[in-house]
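Here's the structure we're looking at; comments come further down.
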Amino acid sequence: MVSKIDLRKRVRIADAQYGEVVLAGFVQDVRVLKNVVFMILRDVSGITQIVFKKGSVPDDVFEEVCSIPRESIVAVRGIMIESSIAKLGREVIPIEFEVLSEASQPLPIEFLNPSVETGLSRRLDYRFIDLRNPRVLAIFKIQSAITGLLHEFFRSRGFIEVHTPKIVAEATESGASVFPVDYFGRKVFLAQSPQFYKQMLMASGFEKVYEIGPVFRAEPHHTPRHLCEYTSIDFEVSYIESYHDVMDIVEDMVVYIVNRIGDICSREFEILNVKPPRMDKGLPRITVREAYRLVESRGYKPTYMEDLDTRGERVFSKAVEEEYGYKAAFLIEFPWRSGSRPFYVMRKLDEPDWAYSFDLIWDGLEITTGGQREHRYDILRNQCIEKGYNPDNFGFYLEFFKYGVPPHGGSGTGLERLTMKIVDLENIREAVLLPRDPERVKP
RNA sequence: GCCCUGGUGGUGUAGCCCGGCCUAGCAUCAGCGGCUGUCGCCCGCUGGACGCGGGUUCAAAUCCCGCCCAGGGCGCCA
């Protein structure tokens with residue numbers, strides 16, 4: 001046994017009942033008075049107070065407690081009692097006390113300190129300490145609940161969860177740059193999306209698949225909403241009539257999560273001091289052509305036959321909120337020629353300059369992209385050429401469409417962007433444990 | 001990739017525009033002492049910093065040049 005206090009008897013602070021308890025965690029604060037010491041103990045579930053009274057505990061323990069550095073790890077066996085003086089309502093009278101791991105001083109970052117807020121960059125350098133902050137922890141508890149709800153949502157609708165390769169031989173589509181990787185002397189790439197594989201599974205007859213996994217984008221973006229590695233919520237479904245069927249699923253998914261997360265994580269929203277968002281079904285679906293008019297009527301000049309730019313999307317969101325009363329909306333029917341629309345989207349039957357593609361924009365931020373895919377081999381191959389690619393480079397992909405593939409569509413949503421909107425974060429880096437951006441690959 | 005802003009104790013900032021009054025202020029933090037119950041404890045004392053390199057000047061945290069780092073905007077994207 002490494003410790004004299006039996007850690008197997010330990011309970012989380014939030015679960016502790018009155019009576020004898022074993023608790024362990026971080027020393028958040030020690031307030032030393034002449035004859036009494038108050039120690040604030042924190043674990044993943046919350047905080048409590050341990051009261052050491054001179055005379056009631058051995059003198060050597062009292063001395064030790066007076067000088068214990070903040071953020072050390074300690075264990076205590078004691079009696080949890082109700083207390084009318086303690087603001088937390090209860091406190092622990094120690095019987096046995098033990099330091100399990102002493103923290104060095106001073107701490108490299110300040111946290112839990114209302115008068116000093118350490119900058120994000122420094123916090124990320126010492127993320128392992130930063131994550132001790134209950135406010136930071138709350139973000140990841142909420143994110144965990146979001147992915148839990150996603151699994152619930154997809155499984156209840158008969159989706160099969162899949163895991164597609166992240167090391168790929170051929171650069172995907174979409175224009176986003178890929179990271180090259182040395183693979184036993186061959187040049188391969190990190191997957192920038194599971195797109196081709198989830199479509200393959202439509203050809204394989206899986207009908208409905210979803211994947212929540214990492215994707216990699218070698219774009220040197222320097223913004224509060226881009227990452228080089230992020231988690232994509234992808235799904236693909238067969239036998240759709242139109243891309244509206246895909247949007248229906250996206251809408252159900254987002255509304256399902258948004259309207260449940262507040263109840264599941266009420267404590268975490270409280271810690272963050274954030275009001276959980278609400279979202280009603282019936283999100284407006286507005287064509288890009290209508291959007292041009294919408295933003296233009298508000299004094300913003302769009303470039304026709306191109307996607308809305310960042311500011312255009314913000315103006316669009318504001319206009320939608322004012323005119324439709326929704327903070328989120330689908331932007332639909334994209335210009336086919338636009339660089340952001342890949343060759344595999346299905347073009348509008350009667351107007352081939354426009355594609356059955358959509359974005360979900362929530363309060364100015366694009367959180368989802370999706371659409372109906374072109375499943376007819378000859379047309380797909382021609383579109384590939386028309387977009388300027390050599391079909392031979394997409395040989396394995398085009399093969400899927402030769403031997404029978406149902407009409408299908410799907411979408412991809414950024415988990416971190418979704419998290420950002422749900423907990424109202426300014427910077428996407430706050431929504432990842434260890435963000436990867438063009439400069440940062442450590443820790 | 002282009003553009004803008006910024007780098008001052010462990011952390012967060014003031015000072016820079018208008019060079020000298022900076023022996024660099026404040027808060028937090030850390031150390032010591034005091035305090036019959038704290039709860040953002042309080043009080044006193046002590047400690048610690050001008051990103052790196054070069055230049056201008058009698059004098060540089062302050063002005064100029066280069067580099068490095070950080071943050072933001074744009075394009076682009078989830």
Side-chain angles (χ1 to χ4, degrees), chain A residues 28-40 47-55 66-67 69-71 83-91 93 103-126 129-130 174-177 192-195 214-234 250 303 306-314 338-342 358-362 365-370 411-421 426-429 431-432 437-440:
Chain A
Q28 181 165 308
D29 198 9
V30 182
R31 291 190 271 268
V32 180
L33 280 75
K34 192 176 185 184
N35 292 311
V36 59
V37 172
F38 300 95
M39 179 181 287
I40 308 302
I47 58 171
T48 193
Q49 167 172 289
I50 309 168
V51 187
F52 298 86
K53 283 188 178 143
K54 204 170 197 166
C66 286
S67 60
R70 290 191 302 160
E71 293 302 308
S83 165
S84 52
I85 351 171
K87 278 196 178 163
L88 292 164
R90 55 186 203 161
E91 59 194 20
I93 308 302
S104 289
Q105 291 292 332
L107 297 167
I109 58 170
E110 270 308 312
F111 70 110
L112 296 172
N113 188 331
S115 39
V116 182
E117 197 174 332
T118 302
L120 182 58
S121 168
R122 186 75 58 168
R123 285 171 47 209
L124 292 174
D125 290 338
Y126 290 93
I129 297 175
D130 183 51
S174 99
S177 302
Q192 53 148 271
S193 106
Q195 185 60 33
V215 295
F216 305 89
R217 302 282 165 99
E219 299 282 343
H221 299 303
H222 222 123
T223 81
R225 59 187 185 282
H226 286 96
L227 294 165
C228 292
E229 175 180 6
Y230 70 91
T231 302
S232 181
I233 305 156
D234 264 272
V250 172
T303 311
E306 286 295 336
D307 292 3
L308 290 180
D309 56 22
T310 307
R311 267 188 298 164
E313 286 186 350
R314 288 197 196 115
S338 139
S340 70
R341 299 302 136 177
F358 65 84
D359 281 355
L360 175 59
I361 299 177
W362 183 354
L365 184 69
E366 192 178 316
I367 63 164
T368 305
T369 291
S411 82
T413 301
L415 174 64
E416 293 81 1
R417 287 193 174 180
L418 184 61
T419 307
M420 235 178 131
K421 279 296 151 198
E426 293 286 319
N427 193 316
I428 197 162
R429 281 165 261 235
V432 212
D437 64 33
E439 284 78 33
R440 185 179 290 277

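Numbered from 1 within each chain, the chains take letters A, B, ... in sequence-line order.
- Base contact: A:Ile85 has a heavy atom under 4.0 Å from a base atom.
- Remark on RNA chain B: of its neighbouring residues A:Asp29 and A:Gly414, the 5'-side contact belongs to A:Asp29, judged by nearest-heavy-atom nucleotide.
- You'll find the side chain of A:His226 reaches within 4.5 Å of the side chain of A:Arg417, heavy atoms only.
- Here A:Arg314 reaches the OP1 or OP2 of B:rC74: one of its side-chain N or O atoms lies under 4.0 Å away.
- Considering CG of A:Leu415 and CG of A:Leu227, their distance stands at 10.5 Å, rounded to 0.5 Å.
- Every side-chain hydrogen bond (donor to acceptor under 3.5 Å, both in side chains) that A:Thr369 has, sequence neighbours left out, goes to A:Asp359, A:Glu366.
- In this structure, the aromatic ring of A:Phe38 is not positioned over the six-membered ring of the base of B:rG37 within 5.5 Å between centres and 30° between planes.
- Closest approach of A:Arg217 and A:Ser193 over heavy atoms only: NH2-CB, 4.0 Å.
- Interface remark: the A:Glu117 side chain does not form any donor-acceptor pair with the B:rU11 base, using a distance-only criterion of under 3.5 Å.
- Partners of A:Asp130 by side-chain hydrogen bond (donor to acceptor under 3.5 Å, both in side chains), not counting sequence neighbours, listed by chain and number: A:Arg123, A:Arg127.
- In this view, A:Ser83 satisfies the side-chain hydrogen bond (donor to acceptor under 3.5 Å, both in side chains) rule with no residue, not counting sequence neighbours.
- Taking only distance into account, the side chain of A:Arg31 never meets the base of B:rC42 through a donor-acceptor pair shorter than 3.5 Å.
- One P atom belongs to B:rC67, the other to B:rU5, and the distance between them is 16 Å to the nearest Å.
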Short heteroatom pairs, N/O only, protein and nucleotides 47-50 of chain B, under 3.5 Å:
none

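- One finds a side-chain N or O of A:Asn427 lying less than 4.0 angstrom from the OP1 or OP2 phosphate oxygen of B:rG72.
- Remark: A:Arg217 is not in phosphate contact with B:rC77, judged by side-chain N or O atoms under 4.0 Å from OP1 or OP2.
- Side-chain nitrogen and oxygen atoms of A:Thr310 include at least one within less than 4.0 Å of the OP1 or OP2 phosphate oxygen of B:rG75.
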Would you mind building the protein contact string for nucleotides 26-36 of chain B? One character per nucleotide, 5' to 3', B for base within reach (heavy atoms under 4.0 Å), S for sugar-phosphate only, - for untouched. -BSSS----BS

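- The environment of CD in A:Glu117 is sparse: at most 12 heavy-atom neighbours from other residues, nucleotides or ligands sit within 6.0 Å.
- For the atom pair CG (A:Asp437) and CD1 (A:Ile428), the distance works out to 11.0 Å, reported to the nearest 0.5 Å.
- Consecutive pairing runs in RNA chain B reach the stem threshold at B:1-7 with B:68-74, B:10-13 with B:25-28, B:29-34 with B:42-47, B:51-55 with B:63-67, where a stem means at least three Watson-Crick or G-U wobble pairs with distances under 3.5 Å.
- Residue A:Ser83 is in base contact, counting any heavy-atom pair closer than 4.0 Å across all strands shown.
- In this structure, A:Arg429 reaches the B:rG72 phosphate: one of its side-chain N or O atoms is under 4.0 Å from OP1 or OP2.
- Atom C1' of B:rG6 sits at a distance of 15 Å from the matching atom of B:rG12, rounded to the whole Å.
- Distances shown here put every side-chain N or O of A:Thr368 at or beyond 4.0 Å from the OP1 or OP2 atom of B:rA78.
- A donor and an acceptor atom sit less than 3.5 Å apart, one in the side chain of A:Glu91 and one in the base of B:rG37.
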